[in-house]
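Structure first, then comments.
Order of listing sets the numbers, starting from 1, for every ligand and every atom in it. Residues take their numbers from the sequence shown, with the count starting at 1. All of these numbers come straight from a predicted model, not from anything done at the bench.
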Amino acid sequence: MTDLFAKFDPLIQQRQALLDSGVTDPFNLVMERVESPTVAICNGKRTILLGTYNYMGMTFDPDVIAAGKQALDDFGSGTTGSRVLNGTYAGHRAVEDALKDFYAMDHAMVFSTGYQANLGVISTIAGKDDYIVLDIDSHASIYDGCALGNAQIVPFRHNDTDALEKRLKRIPEGAGKLVVLEGVYSMLGDVAPLKEMVAVSKANGAMVLVDEAHSMGFIGERGRGVAEAQGVIDDVDFIVGTFSKSVGTVGGFCVSNHPKFEILRLVCRPYVFTASLPPSVVATAATSVRKLMDSADKRAHLWENSKRLHGGLRQLGFTLGTEEPQSAIIAVIMPDLETGAAMWEALLHEGLYVNLARPPATPAGMTLLRCSLCALHSEEQVGEILDMFASAGRATGCLS
Ligand SMILES: Cc1ncc(COP(=O)(O)O)c(C=O)c1O
């Protein structure tokens, strides 16, 4: 018998070598208690959370929690069915209405996760004879959506509008074309030049899908994302997003003005062949999305936090993923995985949780300590975070 797990041996060995060095497993941390969007108890210690994507801090919002509790009482714990069978409750309609209002779009379709939203929409609209032109640093759910639909994949260099244009021009005349972009790329926290890219895509007859997972709620005047901030939201055909970041729960969605959009409810397999989100989740999501419409103060504070942390880390001597803060993600570039893991652990000992990211999830083989800020981090907490980076940096030799 061939052991089907043999292909994982190199990864098993790499992981074992890391654990043998005595470091805590960076991919298996247990949060024993979560006190707020910014503080949890990990290994019995108060820990500031700086790696949760909880950008707008909605997880403990009293209105959001009340809506979830009420829905549990009124509708029970789960739907036990697909949206096309017994799985559409009033709450699913309510959250889709909230999304339509939030984005000012005609249609909204909710999926069980953001991963499934990309998987479903991309694989359903772009099939075997169609072309998907995508940024090479796209999220796994985008690549998996392309693979599921069996479309021709044409990657282009990260955030390079000329490369996008060249790829588009090489596609045979008359073929179906979908350009897939992200508003904020989550590894380095950099923003796409959507204005130029959407213009080039439209000029070359392509439809455009933008994944705004890391910008919803925060970027743009009304928090609609990078497409809104760069003034091209009306030219984008599909926006995909998630409830697992700024919205503070779980779920995914796609919004669009395409007149035939609703047919997706019958033909999109990751929508049809899975159970719908529980009533408590859609109730919390609907409440959160509506509150995010009116959160300009929080957006402003989150920008302040991002600027303060970015400037402070640079001043300490760390190398960051972007020259300027472009989003609520700030990536600290580590020289290698061993140093990254040591720094991650030293920060945890100090009382700070960040994400350790390593290849293949990262671009150019980088090891990153990814920090994602929350609108509820106080100025004092950002100060504490910088102090912890300074001492962990010295303890691990990252800083001299
Ligand atoms: C860009 C992007 N798209 C989609 C997703 C998937 O979202 P979800 O957690 O809702 O499955 C993520 C999650 O990390 C993401 O970063």
Side-chain angles (χ1 to χ4, degrees), residues 27 49-56 58-59 92 95-96 99 108-123 132 134-148 155 158-159 178-192 194 197 208-219 224-227 236 238-255 268 270-271 274-278 281-282 284-286 288-289 292 321 326-331 354-358 360-363 368 370-374:
F27 306 112
L49 300 174
L50 190 68
T52 62
Y53 305 128
N54 194 353
Y55 300 122
M56 299 297 279
M58 299 306 282
T59 47
H92 296 88
V95 72
E96 286 172 347
L99 287 165
M109 195 168 150
V110 165
F111 292 77
S112 299
T113 62
Y115 177 89
Q116 279 168 281
N118 271 331
L119 198 67
V121 175
I122 295 171
S123 66
I132 298 177
L134 81 174
D135 189 294
I136 196 152
D137 289 348
S138 293
H139 188 259
S141 56
I142 294 174
Y143 276 104
D144 291 357
C146 297
L148 186 66
H158 179 56
N159 271 352
L178 177 68
V179 171
V180 181
L181 306 167
E182 293 178 33
V184 170
Y185 285 86
S186 67
M187 285 299 147
L188 297 178
D190 54 335
V191 158
L194 286 188
M197 289 188 156
V208 180
L209 180 152
V210 180
D211 180 332
E212 297 271 20
H214 294 275
S215 39
M216 180 194 188
F218 172 36
I219 295 182
R224 291 175 186 166
V226 177
V236 170
F238 310 96
I239 291 179
V240 166
T242 175
F243 296 155
S244 72
K245 307 190 192 306
S246 286
V247 179
T249 177
V250 66
F253 64 86
C254 181
V255 293
C268 179
Y271 177 86
T274 196
S276 62
L277 288 168
V281 168
V282 283
T284 55
S288 181
V289 168
L292 288 177
Q326 297 185 18
S327 69
I329 299 172
I330 293 164
V354 300
N355 300 137
L356 177 67
R358 61 176 182 91
T362 51
L368 304 171
R370 255 175 340 148
C371 309
S372 51
L373 283 148
C374 175

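Scanning all protein heavy atoms for the shortest distance to atom 9 (O) of ligand 1 gives Ser244 OG, 3.0 Å. Regarding atom 14 (O) of ligand 1, its nearest protein heavy-atom neighbour is Lys245 NZ, 3.0 Å. Protein heavy atom nearest atom 3 (N) of ligand 1, with residue, atom name and distance: Asp211 OD2, 2.6 Å. Among all non-hydrogen protein atoms, the one lying nearest atom 16 (O) of ligand 1 is His214 NE2, 2.7 Å. What sits closest to atom 8 (P) of ligand 1 on the protein, heavy atoms only, is Gly114 N, 3.5 Å. Distance from atom 5 (C) of ligand 1 to its nearest protein heavy atom, with residue and atom name: His139 CE1, 3.5 Å.
In summary, the atoms of ligand 1 found under 4.0 Å from a heavy atom of Thr113, numbered by their order in the structure, are 10 (O), 11 (O). Taking a cut-off of under 4.0 Å to the non-hydrogen atoms of Gly251, the atoms of ligand 1 that pass are 10 (O). Of all atoms in ligand 1, listed by their number and element, those nearer than 4.0 Å to a heavy atom of Thr242 are 7 (O), 8 (P), 10 (O).
Between Asp190 atom CG and His214 atom NE2 the span is 11.5 Å, to the nearest 0.5 Å. Once rounded to the nearest 0.5 Å, the distance linking CG of Leu292 with CZ of Phe218 reads 12.5 Å. Taking CD from Glu212 and CD from Glu182, the interatomic distance works out to 9.5 Å, rounded to the nearest 0.5 Å. The NE2 atom of His139 sits 7.0 Å away from the CE atom of Met187 when rounded to the nearest 0.5 Å.
Ligand 1 has no nitrogen or oxygen under 3.5 angstrom from a nitrogen or oxygen of Phe243. Among the atoms of Glu182, none of the N or O lies under 3.5 angstrom from an N or O of ligand 1.
A distance of 6.0 Å or more separates the ring centres of Phe111 and Phe253.
Judged by the shortest distance from any of its heavy atoms, Gly252 lies outside the 4.0 Å radius around the atoms of ligand 1.
Looking at heavy atoms from C-beta onward, Tyr185 lies out of side-chain contact with Gln326 at the 4.5 angstrom threshold.
None of Val240, Val247, Val184 except one satisfies the side-chain contact (heavy atoms from CB on, under 4.5 Å) rule with Met216; the exception is Val247.
Judged by a 6.0 Å distance limit and a 45° cone about the ring axis, Lys245 is not positioned over the six-membered ring of Tyr55.
There is no side-chain donor-acceptor pair under 3.5 Å between Asp144 and Asn118.
Considering only non-hydrogen atoms, atom 11 (O) of ligand 1 lies nearest to Tyr115 out of Tyr53, Phe111, Tyr115.
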